Amino acid sequence: MEKIRTLRGFRDIFGEEMEKFRIIEDTSRHYFKLLGFNEIEIPALEKTELFTRSIGDATDIVEKEMFTFVDAGGDSLTLRPEATAGVVRFYLQEGMYVKERVSKLFTIGSMFRHERPQKGRFRQFHQIDVEVFGVSDPFIDAELLWLISLILDKLMLEGYSIEVNSVGCRVCRNGFRDKVVAYFETKRDMLCEDCLRRLERSPLRIFDCKKEGCIKATEESPFLFDSLCKDCNEHFDSFLDYLGQFKIKATLNKRLVRGLDYYTKTVFEVTSENLGAQKAFIAGGRYDNLVEEMGGPPIPGIGFAIGVERLSLITSARRPSEVPLTYLAYLGKDAKRYIVPILERFVSSGYRLFYSYEEKSLKSQMRYADSLNAEFVLILGEDEIKKNLIILRSMRGKWQKEVPLNPDSILKEVISSTL
RNA sequence: GUGGGUGUAGCUCAAUGGUUAGAGCACCAGGCUGUGGACCUGGGGGUUGAGGGUUCGAAACCCUUCACCCACCCCA
């Protein structure tokens with residue numbers, strides 16, 4: 001019979017990677033709560049229209065990367081490819097803007113994109129998503145980058161860099177689009193096929209192309225950054241000033257654009273050279289028109305997402321050492337009856353006790369204890385039961401001694417031997 | 001969606017078209033009948049990703065398909 005395997009791009013997460021996921025999540029939660037963020041959980045499945053309207057129907061994500069299907073009721077549904085759209089829907093559906101003047105939200109979960117898998121890219125992947133509604137002051141833009149750096153520092157991450165840019169608002173973008181198209185029309189022969197296509201549909205994406213010719217073509221081009229309107233310019237300058245107050249080092253990358261249509265003004269990306277081609281592991285930006293475009297009041301927003309798989313690839317964070325492990329080796333059915341009382345005593349005090357379920361030779365049990373990295377082994381056989389005691393052996397210290405056979409004194413002896 | 005690479009034991013990998021597909025690690029047992037890591041001996045494990053074809057004979061060659069890895073693209 002054929003073995004059933006995971007779908008392409010879908011994975012089981014376990015062992016060390018699972019531990020890292022938890023560390024990343026716990027660390028993030030810790031700082032989110034300190035800075036006043038509330039956790040929400042939103043559905044993985046939404047109406048397709050939610051994503052086409054927010055992300056933009058000319059984007060790659062919407063055009064070819066969504067898991068979309070028609071359900072039994074005839075509705076077109078989509079597994080979320082990103083979290084912002086759903087969080088905005090939540091924000092409007094619950095009328096959060098009436099309940100509080102500023103909403104700081106975060107959510108953690110799986111996203112789905114139908115892409116070809118490669119290093120750091122899967123069809124089901126995990127994001128830690130942060131969104132702030134109701135703050136137009138650029139202080140929050142800087143605060144979010146500071147929050148990111150707190151998390152990354154706590155995870156002992158080295159060798160990452162933060163790039164920032166401004167993609168302006170509708171006002172500056174409209175004027176700039178014509179300028180850019182006019183410029184690239186003179187450089188047609190240098191552009192790759194994709195970029196010729198982009199020239200028609202979304203010329204700003206040309207700046208993101210990594211082809212040599214296209215990078216060259218952009219060298220003398222006007223940058224949107226240099227044509228920002230007064231308002232956007234002031235916003236960015238004061239964003240940089242706040243970044244300085246938070247002592248965050250970021251480099252300006254005028255080439256940086258985002259693949260989702262809703263971004264305005266501040267955008268940023270955190271990258272690592274240790275990741276291969278998919279080197280951005282955190283990215284985000286401001287979206288001052290999105291809430292209104294989704295049918296709500298004109299409320300500004302800003303947010304970012306952490307790619308958990310990617311961050312987990314580059315962090316060396318380890319969970320601090322656990323409580324010592326004690327292994328109970330028993331010989332015979334009578335001895336086995338002592339597992340329960342000793343186990344209860346250990347667990348109720350927060351200590352770990354492992355044992356074998358089947359009766360095995362002492363040698364086998366000792367080997368097993370060693371492979372589990374147990375600090376102590378308790379040995380209990382007929383002789384010990386007769387004398388009403390148990391042997392406590394230290395695997396590292398290589399000493400052993402006899403201890404009265406009752407749960408309290410056993411645990412007490414383990415605790416005092418741990419130091 | 002495009003390109004390149006790879007699929008053999010739980011893991012890492014061998015095997016000129018030619019006997020019954022091997023090794024290391026891991027696992028289990030014994031040596032040591034009640035004491036771990038080293039050593040020795042033995043043991044369990046495989047539809048060689050799947051399906052078809054060529055051949056006296058295929059893990060190997062051809063076709064199809066699936067999966068994994070890397071890159072393009074795109075993005076977290």
Side-chain angles (χ1 to χ4, degrees), chain A residues 1-11 24 55 59-66 80-84 108-130 148 192-195 197-198 202 205 208-211 214 256-260 268-272 275-285 303-314 327 329-332 335 358-385 391-400:
Chain A
M1 202 161 62
E2 198 185 327
K3 281 183 198 160
I4 297 174
R5 298 180 46 95
T6 51
L7 296 169
R8 157 167 262 198
F10 287 69
R11 311 184 311 133
I24 290 168
I55 299 171
T59 57
D60 279 14
I61 292 180
V62 169
E63 270 191 342
K64 49 193 185 192
E65 293 174 6
M66 297 205 301
R80 59 182 178 194
E82 58 105 48
T84 303
I108 299 176
S110 291
M111 308 298 150
F112 304 85
R113 290 183 201 171
H114 196 280
E115 297 180 276
R116 190 84 168 254
Q118 78 186 70
K119 189 181 173 85
R121 190 173 76 181
F122 307 101
R123 289 185 174 183
Q124 177 176 10
F125 59 100
H126 296 78
Q127 284 191 344
I128 298 173
D129 184 80
V130 173
I148 288 171
C192 70
E193 252 177 65
D194 287 326
C195 283
R197 206 159 37 87
R198 291 182 181 122
S202 49
R205 303 267 293 280
D208 216 20
C209 188
K210 280 139 198 138
K211 296 247 165 52
C214 304
L256 184 67
V257 293
R258 310 268 66 230
L260 293 78
F268 52 87
E269 225 174 65
V270 186
T271 60
S272 166
L275 266 175
Q278 313 300 322
K279 60 181 192 159
F281 62 98
I282 299 177
F304 66 86
I306 301 175
V308 181
E309 279 81 357
R310 291 184 187 177
L311 179 50
S312 144
L313 278 175
I314 50 177
Y327 182 89
Y330 62 92
L331 296 158
E358 288 120 44
E359 274 187 59
K360 296 254 178 169
S361 70
L362 184 58
K363 182 190 182 69
S364 165
Q365 295 193 67
M366 290 301 287
R367 272 196 193 143
Y368 185 46
D370 187 51
S371 74
L372 292 172
N373 237 326
E375 186 134 349
F376 302 102
V377 173
L378 293 164
I379 300 168
L380 185 62
E382 286 171 24
D383 299 349
E384 287 76 19
I385 292 173
I391 294 170
L392 173 66
R393 176 172 176 80
S394 163
M395 297 295 269
R396 262 158 244 173
K398 293 185 180 189
W399 50 259
Q400 62 186 47

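Residue numbers start from 1 in every chain, and the chains themselves are labelled A, B, ... in the order their sequence lines are given, proteins ahead of strands. Just so you know, these numbers come straight off a predicted model, no measurement behind them.
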*Asks:* Using a 4.0 Å heavy-atom cut-off, does Asp383(A) contact any base of the nucleic acid, only the sugar-phosphate backbone, or nothing at all?
*Replies:*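 Result for Asp383(A) = base.
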
*Asks:* Look at the side chain of Glu384(A) and decide which nucleotide, out of rC32(B), rC75(B), rG34(B), has an atom nearest to it.
*Replies:* rG34(B)

*Asks:* Give Lys398(A) one of three labels, base, sugar-phosphate or nothing, depending on what nucleic acid heavy atoms sit under 4.0 Å from its own.
*Replies:*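 Base, at least one base heavy atom under 4.0 Å.
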
*Asks:* Rounding to a whole Å, what distance do you find between Leu362(A):CG and rG30(B):P?
*Replies:*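 Taking atom P of rG30(B) as the reference, CG of Leu362(A) is at 12 Å.
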
*Asks:* How is Gly120(A) classified with respect to the nucleic acid when contacts are heavy atoms under 4.0 Å: base, sugar-phosphate, or nothing?
*Replies:* base

*Asks:* When you measure from the side chain of Gln400(A), which nucleotide among rU35(B), rC72(B), rA76(B) comes out closest?
*Replies:*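 Of all the options, the side chain of Gln400(A) is nearest to rU35(B).
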
*Asks:* More than 12 heavy atoms of other residues, nucleotides or ligands under 6.0 Å from CD of Glu359(A): yes or no?
*Replies:*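 Yes.
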
*Asks:* Let's see if you can work this out: which of rA76(B), rG36(B), rC72(B) has an atom nearest to the side-chain heavy atoms of Ala277(A)?
*Replies:*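 Selected nucleotide: rC72(B).
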
*Asks:* Tell me the closest heavy-atom pair linking Arg310(A) and Ala280(A), and the distance in Å.
*Replies:*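 Of all heavy-atom pairs spanning Arg310(A) and Ala280(A), the closest is NH1-O, 2.8 Å.
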
*Asks:* NA contact type, Glu309(A), heavy-atom cut-off 4.0 Å: base, sugar-phosphate, or nothing?
*Replies:* nothing

*Asks:* Check every strand shown and say whether Phe125(A) touches a base, only sugar-phosphate, or nothing at a heavy-atom separation below 4.0 Å.
*Replies:* base

*Asks:* State whether Arg121(A) and Glu115(A) are salt-bridged, where the test is any N-O pair (Lys NZ or Arg NE/NH1/NH2 against Asp/Glu carboxylate O) under 4.0 Å.
*Replies:*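 Salt bridge flag = yes for Glu115(A) with Arg121(A).
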
*Asks:* In whole Å, I'd like the distance from the CE atom of Met366(A) to the P atom of rG31(B).
*Replies:*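 After rounding, the gap between these two atoms is 17 Å.
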
*Asks:* Mind checking the P distance from rC39(B) to rG49(B)? Whole angstroms is fine.
*Replies:* 32 Å

*Asks:* Check whether the aromatic ring of Tyr368(A) stacks on the base of rG36(B), taking stacking as ring centres less than 5.5 Å apart and planes within 30° of each other.
*Replies:*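 No; by the centre-distance and plane-angle rule, Tyr368(A) does not count as stacking on rG36(B).
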
*Asks:* Using the C1' atom in both, what is the distance from rG22(B) to rC63(B), to the nearest Å?
*Replies:* 30 Å

*Asks:* Could you check whether the rings of Tyr327(A) and Tyr368(A) sit parallel, tilted or perpendicular, using 30° and 60° as the cut-offs?
*Replies:* perpendicular

*Asks:* What is the nucleic acid contact for Ile391(A), judged by heavy atoms within less than 4.0 Å: base, sugar-phosphate only, or nothing?
*Replies:* base

*Asks:* Applying a 4.0 Å non-hydrogen cut-off, can you work out what Lys119(A) is touching in the nucleic acid: base, sugar-phosphate, or nothing?
*Replies:* sugar-phosphate

*Asks:* Looking for any heavy atom pair under 4.0 Å, which part of the strands does Ala369(A) touch: base, sugar-phosphate only, or nothing?
*Replies:*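 Counting heavy atoms under 4.0 Å across all strands, no contact is made by Ala369(A).
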
*Asks:* Side chain of Ile379(A) only, heavy atoms from C-beta on: which candidate in rC75(B), rG36(B), rG34(B) is closest?
*Replies:* rG34(B)

*Asks:* If you only use heavy atoms from C-beta on, which nucleotide in rA76(B), rC75(B), rC68(B) is closest to the side chain of Phe281(A)?
*Replies:*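 Minimum distance to the Phe281(A) side chain belongs to rA76(B).
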
*Asks:* Of Met395(A) and Ile61(A), whose closest RNA chain B nucleotide lies nearer the 5' terminus?
*Replies:* Met395(A)

*Asks:* Looking at the side chain of Arg116(A), which of rA76(B), rG34(B), rU2(B) is the nearest nucleotide?
*Replies:* rU2(B)

*Asks:* Classify the nucleic acid contact of Gly332(A) as base, sugar-phosphate or nothing, counting any heavy atom under 4.0 Å across all strands shown.
*Replies:*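 The answer is nothing, as Gly332(A) stays clear of every strand by at least 4.0 Å.
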
*Asks:* Pick base, sugar-phosphate or nothing for Ser371(A), based on heavy-atom distances below 4.0 Å to the nucleic acid.
*Replies:*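 Counting heavy atoms under 4.0 Å across all strands, no contact is made by Ser371(A).
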
*Asks:* For residues Phe125(A) and Val308(A), determine if any side-chain heavy atom of one lies less than 4.5 Å from a side-chain heavy atom of the other.
*Replies:*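 Side-chain contact under 4.5 Å: no.
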
*Asks:* Touch check for Gln365(A), heavy atoms < 4.0 angstrom, all strands: base, sugar-phosphate only, or nothing?
*Replies:* nothing

*Asks:* Would you say the side chain of His114(A) lies within less than 4.5 Å of the side chain of Lys64(A), judging by non-hydrogen atoms?
*Replies:* no

